[in-house]
Asker: 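Okay, handing you the structure first.
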Amino acid sequence: MLSLSGVVKAVGPYGGYKLASTLTQRYPRILMYHRFSVEGTNGAISKRVLERQFAYLKDHFEVLSLTEALNRCSPSRSRSGRSKPIVTITIDDGYRDFYEICFPLLKKYRFPATFYVATDFVGDGIWLWHDKLKWIIENSVDISEPLSIGGVEYSPEYWRENKEKLWFELVSAMLKIPGQDINDLLERISFLTNVQPPKSPIEQYRSVSWSELREMQNNGVSVGGHTKDHFSLGHLSEGGVRDQVIGCRDHLSHELGDLGRHFCFPNGQPSDITDFSKMEVKNAGFESAVAAYYDRNGISDRFSLSRHGVGENWFEFLKSVWGVDRLGAQLLNRDNKFDWGDV
């Protein structure tokens, strides 16, 4: 007996995808990318697969900027006479591999995109905290004494014997504590492991520069805000939220000009997106804000817009762009909320 995915695979190429597209015609498919590499290593999407996706989008979809996509799909806007579904491309964080691999392909296919950057990360800035944690874990042997996080104790033996899943577990736990506590905890982990990270991120975790952002902004890329330090806004004080949002906005305006911009919530799960943080993002002048999951609400809340993660899997890509996942969210109340601890 075929599973639901099996049914979609079977009927999709024979009209199923087009039917899903018709039923979701007022829903822009906001695609979410993170990392890129030549060969697709360490969870990054490969250049070959990315180009295959872009070529497919060019043939079958209308790829618009986020601003235009939201305007076109507003309830008051007529869609008569337009047969192609709308896709918009978004990329999170600010890594340099976007400039090296994705940006040239965006120019080749003449696609606009939105690139959300954590402003204190750009240039010779800070490590993103989860990258620093990964580097410490990978370069450590064990810890000198037990470490307690969120009520869970990690012994030296557990540290030694569970290196493969340790990063996922710690990220999940640390996302639930305030940003300054994360920094303090990283210092303690560094001390207990006797591993001191370099001051600036190594090549694998390197950010774009401000000059590269200026170049991209002049070539179809809208640079959006992703806070200053990439801390979850759901676990900061009101003052901390305001500092992360306004500080990010002001840094972008200082370096790139006072333009209309969009915002992206770090981690982007429901617990990271509070009513207060949405209000602060709106009050700061951002045009919209995106989540890192999709659900039945879709784009009804302009400051918690659904997105569809994109990786190497071609079938998952087709489900996202043709609207199958959107239909699933509406009809089955299915979503793709995520917790690093479940990986």
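Since this is a predicted model, take the numbers as computed values, not measurements.
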Asker: Tell me whether the centres of the aromatic rings in Phe61 and Trp322 are closer together than 6.0 Å.
Answerer: yes

Asker: Does anything in residues 176-209 pair up under ring pair (Phe, Tyr, Trp, His ring centres under 6.0 Å), and if so which pairs, sequence neighbours excluded?
Answerer: Trp127-Tyr205

Asker: Less than 6.0 Å separating the ring centroids of His230 and Tyr116?
Answerer: no

Asker: Go through the structure and list residues passing side chain to side chain donor-acceptor pair (under 3.5 Å) with His34, not counting sequence neighbours.
Answerer: Asp92

Asker: Can you sort out the partners of Glu287 under salt bridge (charged side-chain N to carboxylate O under 4.0 Å, His left out), two or more places apart, ordered by chain and number?
Answerer: none

Asker: Applying salt bridge (charged side-chain N to carboxylate O under 4.0 Å, His left out), can you list everything that pairs with Glu164, at least two apart in sequence or on another chain?
Answerer: none

Asker: Taking only residues two or more places apart in sequence or in another chain, which ones pass side chain to side chain donor-acceptor pair (under 3.5 Å) with Lys108?
Answerer: Glu51

Asker: With a 6.0 Å cut-off on ring centres, are Phe263 and Phe303 close enough?
Answerer: no

Asker: Sequence neighbours left out, what passes ring-ring contact (aromatic ring centres under 6.0 Å, His included) with His251? Give chain and number order.
Answerer: Trp210

Asker: Suppose the criterion is salt bridge (charged side-chain N to carboxylate O under 4.0 Å, His left out): which pairs have a residue in residues 211-223, not counting sequence neighbours?
Answerer: Arg96-Glu212, Arg214-Glu255

Asker: Quick one: salt bridge (charged side-chain N to carboxylate O under 4.0 Å, His left out) pairs with a partner in residues 201-210, sequence neighbours left out?
Answerer: Glu203-Arg206

Asker: Side-chain polar contacts of residues 279-286 - donor-acceptor pairs under 3.5 angstrom, sequence neighbours left out - could you list them?
Answerer:
{"unit_1": "Glu280", "atom_1": "OE1", "unit_2": "Arg242", "atom_2": "NE", "d": "3.2"}
{"unit_1": "Glu280", "atom_1": "OE2", "unit_2": "Arg242", "atom_2": "NH2", "d": "3.4"}
{"unit_1": "Asn283", "atom_1": "ND2", "unit_2": "Met279", "atom_2": "O", "d": "3.3"}

Asker: Identify, with sequence neighbours excluded, every residue that meets ring-ring contact (aromatic ring centres under 6.0 Å, His included) alongside Phe111.
Answerer: Phe54, Tyr109

Asker: I'd like to check the side chain to side chain donor-acceptor pair (under 3.5 Å) partners of Thr22; sequence neighbours left out, ordered by chain and number.
Answerer: none

Asker: Looking at residues at least two apart in the chain, or sitting in another chain, which of them share a side chain to side chain donor-acceptor pair (under 3.5 Å) with Ser320?
Answerer: Asp325

